[in-house]
Every structure is written in C-alpha cells, then in structure tokens.
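Quick caveat: nothing in here was measured; it's all calculated off a predicted structure. Both backbone and side-chain heavy atoms feed into the values below; hydrogens, waters and symmetry mates do not.
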Amino acid sequence: MMIEIINHKINLNATAQIPQNIANQCQELATLVTRHTEGKGNGFHKTAIDLLEFQRQSSAPSALRGVSDPIFAILLQGKKEALLGEETYRYGAGQYLVVSVDLPISGFVVEATPEKPYLGFKLNLDPLQLCDIITSQTSLNTSKKEKSVRGLFVSTVDASLIDCALRLTKLLDTPQDIPMLAPMIIREIYYRLLMGEQGEPVRQIATSGSNMQRIAEVIQLIKTDFAQPMRVENLADRVSMSPSSFHYHFKEVTSMSPLQYQKQLRLLEARRLMLAENSDAANAAYQVGYESPSQFSREYSRMFGAPPIKDIERLRTV
C-alpha cells in the first residue's frame, strides 16, 4: 500500500519548518492529549467536550478508511498521509487538516511508536455556527467572484489557533467550566479559521448558495441512496447547475467525479458489511448496488489492494 501512496501526487511535505514558539505549544498540547488518552489504546477517543476527540496511534504504518465529516484536526506528534482520490497530503506536527464537506478519505499514520505515539486533536465543524459568525462579521463577507476550491486542505497552525486548542483542552481538567467556556473557545477557533490563510474554503462551507454548499447538498443525496443507479443530470438539476458545470465543480471540491465518489462509498460500505456483519462478498456487492460480482471484485481490489476475501482476512489478523 505504501508504494501506491508514494506514486500519487504529493501536495504538502510534512517536513515544513514550524516556528519554535508554535512547536513548544504543540508539545504542550501533545502532553495533555497523552495524559487524556494514556491506557485507552489506539484510535479516536471522545472527550467531555462535544465535538472534540483525540487520536492516538502507537504503531505505523496503520490505515483508516472512511467518509470524513467536516473537521479541523491538528497533528501534534508523528506524521500522517491523507489520500483523497489521486492526491496525497503529507503533514506532520504543527500542521492541521480541514475537511469542509463529507469526503471519502484514506488516512495513513506513517510515523508512530509506543514510546512516541501519533497524537492528534480533532474538532468536528458545525456549518451552522460558521454561518452565524459570517453573518455577524461584516469583515468576513466578500464580494469577489467565488472560485470552487478543494474540500480538503493542509496548512501550518498559527499561534492563535494552537492557543485556542490548548485552552479548549485544558477545560477537561475543570469540567464545571465546559458548558460556559467551551462554546466560546470553539467559536473563536471558527473565527480564526475564517480569518486565516485558508479562510476561503472554510467560508464556503457556510455561505448560502456557494458552489461548495451546493456540492455538499448533492453529496448528502448520494450518501442517502448510493446503492441506486445515479443520473448526473438529475443531481445537477437539484442544485440548479448544468451537467457540465456541476461535473466541473464537483470535481474541484472532491477531486473526483460524482460516479467515482459513489463507487468509493459503495466499496467502503461493502467492506464494512463483510468486516462488521460477516457478509460474504457476493451479498455485500449486491447490497451496495453491484450487479456484477466480477466487476465488484476488480474495483474492490483496485481500491483496497487485495480481493475482498483476502482483504478481510488481512484486516482480521491485524
């Protein structure tokens, strides 16, 4: 699998230089996340603050495939690669990832050990709160012509953002303060994202009628009924776009065509059915909309690197 990743286009190198003051703040936050996740094993760990989770992984390489909700995630320790379609995003400590629409993403932790595990801070984004901030802050409104942007980006965290993340995490030690202070700090995080160098894709999440919001609406339709045949013309009509314009903007936001997006959803769900519900390959293929078992096996192998039976056997021995 690693060979496949290396052969994809690389969008950002994890060796970017991080200012020392930010590196120190990241280390302070990593210490807090370590304390809150120690002894809990690998994976994502919920906290007493709604929308906030921490990730810990003590070995590499390790992979996680699925459809990501809109998130803001800071990498605090280790290195990771995120694969979206044919694009690979590499990032390390002091950098953050934002996903602005639901996207099928493969995440690969590529640097982690038991002594120095991969650590991450993850906050789910609420488009309604973002919309409220945009509405209330005239400085965030823009009259320039909108350009479709990718629904995923990686950037280097700045001092104001990492300070917000630190203050939010410290609230876990004073749970009585969470109901009052956590919403205020989360709102500040949203504001900092909107005012940052990558503010445009964040702004488009919550801007009524933006291309990204219209594509997000279509994504929800595809997710709701991905096992059924898709007509791109009907989807385009739902968001008042021509088929050609819709196809262009969908690919700009997601890096893939609507049919490729649907295919990834189908294969991810088929994998879940086989792994979690012990479904056989033929039944899983049928449930997600495949009429040809051989086509399902070919496309599954292309996406996951092995035929269905071998892939599931491999996952169960990990």
Are [X] and [Y] within salt-bridge range, i.e. N to O under 4.0 Å?
| X | Y | answer |
| --- | --- | --- |
| Glu188 | Arg167 | yes |
| Glu299 | Arg266 | no |
| Lys116 | Glu111 | no |
| Glu269 | Arg272 | yes |
| Glu200 | Arg203 | yes |
| Arg187 | Asp132 | yes |
| Lys170 | Asp173 | no |

If you count every heavy atom of other residues, nucleotides or ligands that lies below 6.0 Å from Arg238 atom CZ, does the total exceed 12? no
Whether over 12 other heavy atoms sit under 6.0 Å from Ile309 CD1: no
With no hydrogens and no angle check, do the side chains of [X] and [Y] hold a donor and an acceptor under 3.5 Å apart?
| X | Y | result |
| --- | --- | --- |
| Glu197 | Ser155 | yes |
| Glu28 | Asn24 | no |
| Gln204 | Asn211 | no |

Please examine the side chains of [Y] and [X], heavy atoms only from C-beta on, and report whether any two atoms are closer than 4.5 Å.
| X | Y | result |
| --- | --- | --- |
| Leu52 | Phe121 | yes |
| Leu161 | Phe72 | yes |
| Asp158 | Ile162 | no |

Is it true that the NZ or CZ of Arg271 lies under 6.0 Å from the centre of Phe304's six-membered ring and within 45 degrees of the ring axis? yes
For [X] and [Y], indicate whether the former's side chain and the latter's backbone hold a donor-acceptor pair under 3.5 Å.
| X | Y | result |
| --- | --- | --- |
| Ser58 | Pro114 | no |
| Gln260 | Ser257 | yes |
| Arg150 | Glu252 | yes |
| Thr224 | Gln220 | yes |

How close do Phe296 and Ala281 get, counting heavy atoms only, and between which atoms? CE2-O, 3.8 Å
Show the numbers, then the answer: is there a ring pair (Phe, Tyr, Trp, His ring centres under 6.0 Å) between Phe54 and Phe44? CA-CA 6 Å; Phe54 300 138; Phe44 288 96; over 10 Å; no
Could you check Phe226 against Tyr261 for ring pair (Phe, Tyr, Trp, His ring centres under 6.0 Å), going step by step and ending with a plain yes or no? CA-CA 9 Å; Phe226 60 80; Tyr261 187 99; 9.9 Å; no
